[in-house]
Structures are given as structure tokens and as C-alpha cells.
Amino acid sequence: MDDGSPDNCGAICDEYAQKYERIKVIHQRNAGQSSARNAALNIATGEFICFVDSDDYIAESLINDNIEILLRDDSDMVAFNAI
């Protein structure tokens, strides 16, 4: 998502989208985090969705661990705080 970023990230996103068909890019004016995430949800096709911000660090097992929890507990969502 290029949410009105003033740097070159929009072009970088487009470059990755050309290389990997799973990547979809949305260009929009900066309307805030909620607007950007809602735009992404509107085009999402996956069974699971995880939002990670550019300043976040995630453990290598985060996605797999959370999918296991979702499936094990038949949950709709997993929410957690940063450590």
C-alpha cells in the first residue's frame, strides 16, 4: 500500500507486484491507517489476513503460530500486544 508516501515506496511496491503475482498494490492519497487497511481488505483474497506496519518486528513463527491458534480453537480472530 502506497498511502501517499513521499518517498519512492510506490515504485518499489509496483516492482515487487510485477515479480510476484500474489502482491497487489493500491495507490491512494494519504487517508490514514484505517483507510489504507480498509482498501486492502476490499481486494484481499486470502483466507487469513495479518497487518504488519513498517516499524513492526515480527517473529519468524508469528504467522504460523497464529494460524495454528485460529484452526485449533475455531476462532475468527487472534489479537495480541507487542512485547
So NZ of K19 and CD of E21: to nearest 0.5 Å the spacing works out to 15.5 Å

One should read off an interatomic distance between C13 SG and I23 CD1, to the nearest 0.5 angstrom, of 8.0 Å

Exercise for the section: For the pair D56 (side chain) and D53 (backbone), establish whether a donor and an acceptor sit closer than 3.5 Å, ignoring hydrogens and angles. Expected result: yes

When every non-hydrogen atom of Q28 is compared with those of A39, the smallest separation belongs to OE1-CB, 3.6 Å

Review point. Under the 3.5 angstrom rule, does the side chain of N38 hit a backbone N or O of A40 as a donor-acceptor pair?
Key: no

Side-chain atoms of residues 65-77: list all donor-acceptor pairs with protein atoms under 3.5 Å, sequence neighbours left out, distances to 0.1 Å.
from : atom 1 : to  : atom 2 : distance (Å)
D65  : OD2    : S61 : OG     : 2.8
N66  : ND2    : L62 : O      : 2.7

Next on the checklist: Can you confirm whether F51 is buried at CZ, in the sense that more than 12 heavy atoms of other residues, nucleotides or ligands lie under 6.0 Å from that atom?
Outcome noted: yes

Are V52 and I63 connected, step by step, through hydrophobic side chains (Ile, Leu, Val, Met, Phe, Trp, Tyr) whose heavy atoms are closer than 4.5 Å? yes

Those residues at least two apart in sequence (or on a different chain) that pass side-chain contact (heavy atoms from CB on, under 4.5 Å) with N64 are none

inquiry  = Would you say F48 ends up clustered with V78 if hydrophobic residues are merged whenever their side chains have heavy atoms under 4.5 Å apart, either directly or through other cluster members?
reply    = yes

